**Student:** 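Structure in structure tokens, see below.
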Amino acid sequence: MNDGTEFAPGRPILLRGGTVLTMNDRHEVLAGADVLVSGDRVVAVGPDLPEPDDAVVIDAGGGIVMPGMIDTHRHMWQTAMRGYGADWTLSQYFVWYYLEHGKLFRPEDIHAGNSLAAIESLDAGVTTVVDWSHGLQTVDHAEAAVDALRSVPGRYVLAYGNIQQPPGVWTAAPEFRDFVRRRITGDDMLGFQLAFDVTGDPLFPERPAFEVARELGVAVTTHAGVWGATSDDSIRLMHEYGFMTPQTIYVHAASLSADSYHRIAATGGSISVATESEQSAGQGYPPTWAIRAHGIPVSLSMDTSVWWSGDLFTAMRTTLGADRSREHFEAHAKGETVMHAALRAEHVVDWATRGGAKALGRDGDLGSLEPGKKADVVLIKNDASPVSFPLLNPYGHVAFQAQRGDVHTVLVNGRVVKHEHRLLGIDLAAVRREVEATVEYLRSSMGEEAWSQGMHPDVAETKVLDNPYTYTDFRSSATHTRRED
Ligand SMILES: [Zn+2]
């Protein structure tokens, strides 16, 4: 029986006997330990906790219990086009969404994408997502975005954006203000930010939008250091006008000078690294290897499922790989050998949990498993999987061995939303119908030719070099040569 009825509201939940990654300040890892949840809070963490009379016990033996993961930048609306842009560059993405087809998206299409992305996040143990929602071309689109987020029991931050208008224009609209008043009610399941990019125009046309953010008391998140789009000038202008704050999240920050990193570090902001994105799209090299020299806090993000995956296991894995690749690459160029890896599995697990909580100003109640914190909890356990044992290095196991199919149980705000590998109380079939309707609508609106061209961009030419060793053709001569041996 797995309908979730045993998890009646009010019953404490005891995750029994797992390896607990507390992600507390001391990064304590507790073997064979329990996590007790009551209401929306973690109430105790430790070995052999007494079992409350009415508790539901979840056997975490052989598994890893960790805080829910936090994604600080995902364009959830784009999940309705999952995988479509797998072979895009950043320029092709801009043309498709910003110039040509982004305008086609109706409120119901935003709803479809957000709903699917929200469900996908929970399934992968991502309990908080910043919805970097830059397809909100009308307030009706924004209503649809919020309706979708409210329909799936995760924790979200709506980062409101609109790529169809300059930020100074849409933030000044009375209906935008009215929307914020009506829909952003201050409960901790739905936060709010403004999401826009700074072009580097010396007239700094984004200034009024920053002033609106300041007036509303909300953070700004911005794609920074994006090759060919936003640059050091964007950072310098934000700094000179006094809009760089500890709450600012700089997404990518992958092609910036040391001067920009100094400005970010000095004003206390954080960088959301989306390695899978940066490696493929071309914003710049994933910056973790560079920014550790500046002491800038890091969180992780997936950016968009129109290209890539939507789980933070992949973010952790690719971030470790990119950082270490760069270290080896730089060392080899100097004839040196890296003897000790700078970035550890423990660091990326921290960035995927605590790092996200800090970036969102939620370190007080999210990001670690400690008494009094909100109960956003993930159990990684898959007894049927040959990858589930031996469990020797828990951080390494999370970063390099585990994947979304191993997410056994997920709690958000004390509520069990996934158990025994199945989502509870989620109508996936209904969301599938919504997404199918969106795809059908977009495909017919674009026309078959544009649809197909969008998915299959031209292939760059590869010139095969002349090879000095091909004085004989192995394909015709190989058999003759062999016979003469
Ligand atoms: Zn992005």
Side-chain angles (χ1 to χ4, degrees), residues 72-73 75 90-91 93-95 97-99 102 130 132-137 139 142 157-177 179-180 192-272 274 278 282-284 287 291 294 296-297 301 303 359-361:
T72 52
H73 150 243
H75 310 292
L90 193 60
S91 303
Y93 165 84
F94 283 143
V95 169
Y97 272 108
Y98 285 59
L99 298 179
V130 174
W132 221 103
S133 193
H134 54 358
L136 306 182
Q137 50 186 318
V139 163
V157 174
L158 177 70
Y160 194 116
N162 175 5
I163 53 177
Q164 304 300 339
Q165 278 184 347
V169 174
W170 60 259
T171 53
E175 61 269 27
F176 164 74
R177 294 303 192 94
F179 168 85
V180 176
F192 190 68
Q193 298 182 344
L194 298 191
F196 58 86
D197 296 341
V198 179
T199 59
D201 177 340
L203 296 175
F204 197 46
E206 297 83 9
R207 182 179 183 167
F210 278 107
E211 280 165 352
V212 170
R214 180 177 286 166
E215 188 200 322
L216 293 172
V218 299
V220 170
T221 175
T222 188
H223 291 110
V226 174
W227 182 263
T230 60
S231 69
D232 290 319
D233 287 334
S234 313
I235 297 289
R236 185 181 46 76
L237 285 161
M238 284 176 68
H239 194 221
E240 285 172 1
Y241 282 90
F243 292 116
M244 291 176 76
T245 76
Q247 290 76 40
T248 311
I249 298 180
Y250 305 86
V251 174
H252 304 304
S255 48
L256 293 175
S257 66
D259 178 70
S260 288
Y261 290 138
H262 285 314
R263 292 178 198 257
I264 294 171
T267 49
S270 66
I271 293 177
S272 174
E278 289 130 24
Q283 295 92 345
I291 60 183
H294 297 274
I296 299 169
S301 62
D303 203 348
L360 297 177

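Residue numbers start at 1 and run along the sequence shown. Treat the numbers as computed from the prediction; the structure is a model and nothing was measured.
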**Student:** Excluding sequence neighbours, so at least two apart, what forms ring-ring contact (aromatic ring centres under 6.0 Å, His included) with Phe204?
**Tutor:**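 So Phe204 forms a ring-ring contact (aromatic ring centres under 6.0 Å, His included) with Phe210, Tyr241.
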**Student:** Restricting to side-chain hydrogen bond (donor to acceptor under 3.5 Å, both in side chains), what partner residues turn up for Thr221, sequence neighbours left out?
**Tutor:**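 side-chain hydrogen bond (donor to acceptor under 3.5 Å, both in side chains) list for Thr221, sorted by chain: Trp132.
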**Student:** Are Phe176 and Val212 packed together at the side-chain level, in the sense that at least one heavy-atom pair is separated by less than 4.5 angstrom?
**Tutor:**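 They are in side-chain contact.
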**Student:** Would a distance-only check, ignoring hydrogens and angles, find a side-chain to backbone donor-acceptor pair under 3.5 Å from Thr248 to Gly269?
**Tutor:**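 Here the side-chain-to-backbone pair does not exist.
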**Student:** Nearest 0.5 Å, what's the CD1-CD1 distance between Ile264 and Ile291?
**Tutor:**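 Rounded to the nearest 0.5 Å, the CD1-CD1 separation comes to 8.0 Å.
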**Student:** Arg263: what forms a salt bridge (charged side-chain N to carboxylate O under 4.0 Å, His left out) with it, not counting sequence neighbours?
**Tutor:**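 Per chain and number, Arg263 pairs via salt bridge (charged side-chain N to carboxylate O under 4.0 Å, His left out) with Asp259.
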**Student:** Can you tell which of Val180, Leu136, Val218 makes a side chain to side chain contact (heavy atoms under 4.5 Å, CB included) with Tyr160?
**Tutor:**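 Going through Val180, Leu136, Val218 one by one, the side chain to side chain contact (heavy atoms under 4.5 Å, CB included) with Tyr160 is satisfied by Leu136 alone.
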**Student:** Scan for salt bridge (Lys or Arg N to Asp or Glu O under 4.0 Å) pairs involving residues 242-257, sequence neighbours excluded, and state none if there are none.
**Tutor:**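 Residue pairs with at least one partner in residues 242-257: there are none.
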**Student:** What distance do Thr171 atom OG1 and Leu216 atom CG have between them, rounded to the nearest 0.5 Å?
**Tutor:**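 Nearest 0.5 Å value for the OG1-CG distance: 9.0 Å.
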**Student:** Please collect all salt bridge (Lys or Arg N to Asp or Glu O under 4.0 Å) contacts where either partner lies in residues 247-257, sequence neighbours excluded, each pair once.
**Tutor:**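 Listed once each, the pairs would be none.
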**Student:** Just to verify, what does Gln164 make a side-chain hydrogen bond (donor to acceptor under 3.5 Å, both in side chains) with, not counting sequence neighbours?
**Tutor:**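 So Gln164 forms no side-chain hydrogen bond (donor to acceptor under 3.5 Å, both in side chains) with any residue.
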**Student:** Who are the side-chain contact (heavy atoms from CB on, under 4.5 Å) partners of Val226, not counting sequence neighbours?
**Tutor:**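 Expected list: Leu90, His223, Ala229, Thr230, His252, Gln283.
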**Student:** Within a strict 4.5 Å, meaning less than it, do heavy atoms of the Phe192 and Val157 side chains meet?
**Tutor:**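 They are not in side-chain contact.
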**Student:** Do any pairs count as a salt bridge (Lys or Arg N to Asp or Glu O under 4.0 Å) and have a residue in residues 192-209, sequence neighbours left out, and if so which ones?
**Tutor:**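 Those involving residues 192-209 are Arg207-Glu211.
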**Student:** Run the salt bridge (charged side-chain N to carboxylate O under 4.0 Å, His left out) test against Glu175 and tell me which residues pass, sequence neighbours left out.
**Tutor:**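 Applying salt bridge (charged side-chain N to carboxylate O under 4.0 Å, His left out) to Glu175 gives none.
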**Student:** Go through the steps to decide whether Asn162 and Gln137 satisfy the test side-chain contact (heavy atoms from CB on, under 4.5 Å), and finish with yes or no.
**Tutor:** CA-CA 5 Å; Asn162 175 5; Gln137 50 186 318; 3.9 Å; yes
**Student:** Would you give the length of the straight line joining atom OG of Ser270 to atom OH of Tyr250, rounded to the nearest 0.5 angstrom?
**Tutor:**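 One finds 8.5 Å between OG of Ser270 and OH of Tyr250.
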**Student:** Using the test salt bridge (charged side-chain N to carboxylate O under 4.0 Å, His left out), find all partners of Arg214 that sit at least two apart in sequence or belong to another chain.
**Tutor:**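 Salt bridge (charged side-chain N to carboxylate O under 4.0 Å, His left out) check on Arg214 returns nothing, list empty.
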**Student:** Determine yes or no for a side-chain-to-main-chain donor-acceptor pair under 3.5 angstrom, with Thr222 supplying the side chain and Phe196 the backbone.
**Tutor:**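 Present.
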**Student:** Can you list the residues that meet the side-chain contact (heavy atoms from CB on, under 4.5 Å) rule with Ser231, with sequence neighbours excluded?
**Tutor:**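 Applying side-chain contact (heavy atoms from CB on, under 4.5 Å) to Ser231 gives Asp233, Ser234.
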**Student:** Below 4.5 Å, heavy atoms only, C-beta onward: do Ile235 and Val198 meet side chain to side chain?
**Tutor:**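 They are not in side-chain contact.
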**Student:** side-chain hydrogen bond (donor to acceptor under 3.5 Å, both in side chains) with Asp232: which residues, sequence neighbours excluded?
**Tutor:**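 Checked Asp232 against side-chain hydrogen bond (donor to acceptor under 3.5 Å, both in side chains); matches are Ser257, Ser260.
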**Student:** Quick check for you: to the nearest 0.5 Å, what is the distance between Leu194 atom CG and Ser133 atom OG?
**Tutor:**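 The distance works out to 12.0 Å.
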